[in-house]
2 protein chains.
Amino acid sequence: MTEPRPGRPAVTSRAQLEQVALALFASRGFEATTVEDVAAAAGIGRRTFFRYYASKNDVVWGNFESGLQDMRQLLAASPDDVPLMESLRTAVLAFNRLDAGAEPWHRQRMALILHVPALQAHSTLRYAAWRDVVAEHAARRLGLPPRALRPRLVGYALLGAAVAAYEQWLEEPGHDLEALLDEAVRTVARGLDA
Amino acid sequence: MTEPRPGRPAVTSRAQLEQVALALFASRGFEATTVEDVAAAAGIGRRTFFRYYASKNDVVWGNFESGLQDMRQLLAASPDDVPLMESLRTAVLAFNRLDAGAEPWHRQRMALILHVPALQAHSTLRYAAWRDVVAEHAARRLGLPPRALRPRLVGYALLGAAVAAYEQWLEEPGHDLEALLDEAVRTVARGLDA
DNA sequence: ACAGTAACGGCACCGAGTGCCGTTGGGAAG
DNA sequence: CTTCCCAACGGCACTCGGTGCCGTTACTGT
């Protein structure tokens with residue numbers, strides 16, 4: 001499990017830090033919580049916090065990068081005889097599938113990302129990586145360079161669909177995320193697979 | 001022209017400040033230019049800079065808000081017998097129409113917004129206002145609340161189309177912005193007017 | 001015991017952004 | 001011409017996110 005490595009062992013983990021931070025954000029609000037607060041609550045130094053997360057904003061994103069990797073692989077493995085937009089729709093739904101019981105956490109996380117201005121702004125940078133994954137797949141399937149208008153457009157349109165679905169999901173507790181995503185993605189997909 | 005008001009007259013203007021700033025950004029780069037640099041170059045105090053623009057990021061956006069107002073009015077004036085997506089496409093093209101000779105400036109501005117991470121992030125906050133204008137029009141025409149999934153989706157999809165077009169425009173000096181916007185908007189519109 | 005190594009965390013610094021407040025330069029009223 | 005009013009100016013001090021530097025600490029392997 002924990003293979004022994006040379007050097008001083010890490011005193012905490014990204015996941016643990018994330019928990020502590022999200023708890024503080026929930027009780028005091030994101031902006032009113034300083035990095036020093038988080039570090040103190042986690043029992044580490046302010047400087048050390050920045051060794052776990054490059055910025056205060058990044059805490060909220062947890063392990064986004066690994067989710068992206070999964071989606072990349074899923075798309076790469078998608079057979080060429082399933083229509084492009086269908087493979088993408090499947091991938092978007094899979095990417096946003098929640099582990100059982102993870103919904104309340106995910107709700108809180110997404111509420112922060114979509115409603116706190118600083119995080120809303122920062123999200124763009126993460127979204128860019130997500131769009132690239134989508135655009136790259138679309139480019140491959142369309143036989144176009146990834147920087148061509150069409151693949152890019154697919155990336156932007158699907159991202160927009162996903163975010164619109166999330167906004168809707170956050171507002172009405174009754175709604176089902178997957179259904180909203182499916183509806184939104186299908187709608188924009190209609191224009192894209194010509 | 002300049003109706004006399006009580007109080008000390010302003011020593012500069014947003015437009016002038018913008019010019020000075022963009023010149024510095026162009027020569028030294030956005031991040032390497034401090035607000036103090038801009039203020040000094042404009043002959044004002046650092047503190048005063050923030051009375052003209054709420055943040056360093058905002059300088060780049062010039063008078064975005066008034067353009068938004070124009071688009072809002074244009075949409076409101078659009079007759080109900082022209083199809084929804086057509087009225088929106090027209091509005092998007094009008095919103096992004098350049099004054100003669102303004103192209104080089106606009107290119108530089110958009111290159112900053114789309115390529116400098118801090119500005120890319122900040123742009124999200126401006127885009128939200130743009131999307132709202134679109135979503136509001138769509139909601140009215142569809143007879144739905146502006147916060148429903150469909151109008152929102154229209155806002156996100158059109159924004160995505162516009163930004164994708166701009167990225168393309170920036171990369172290939174030969175391309176015509178209006179043509180790219182038209183192509184992108186038409187593509188996403190196909191899925192949206194069902 | 002000792003070298004190697006990697007995480008820790010204090011310190012000092014930078015730059016964006018803000019609240020406070022005294023100063024300045026205009027117009028208008030006396 | 002003086003005085004009052006008023007808004008813009010801008011210095012000062014402060015907060016907070018983020019970074020470079022560097023000595024310290026805690027563990028592994030010889």
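Residue numbers begin at 1 in each chain, while the letters A, B, ... track the order of the sequences.
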Phosphate contact (dC8(C) OP1 or OP2) by Tyr52(A) side-chain N/O below 4.0 Å: yes
Pairwise 5' ranking along DNA chain D for Arg51(B) and Val35(A), keeping only the more 5' one: Arg51(B)
Polar side-chain contact Arg47(B)-dG19(C) base: donor and acceptor under 3.5 Å: yes
Nearest-Å distance for atom pair CG/P, residues Asp37(A) and dC16(D): 8 Å
Side chains of Asp58(B) and His122(B), donor plus acceptor under 3.5 Å: yes
DNA chain D: 5'-proximal contact among Pro9(B) and Phe50(A) (nearest heavy atom): Pro9(B)
Check: Tyr166(A) ring centre within less than 6.0 Å of Trp169(A) ring centre: yes
Touch class at under 4.0 angstrom, heavy-atom based, for Gly45(B) against every strand present: sugar-phosphate
Pairing of Arg140(B) and Glu136(B) as salt bridge, 4.0 angstrom limit: no
Under-3.5 Å donor-acceptor pair between Arg8(B) side chain and dG27(C) base: no
Side-chain N,O (Thr48(B)) to OP1/OP2 (dG10(D)) below 4.0 Å: yes
Pair Tyr156(B)-Glu167(A), side-chain donor/acceptor within less than 3.5 Å: yes
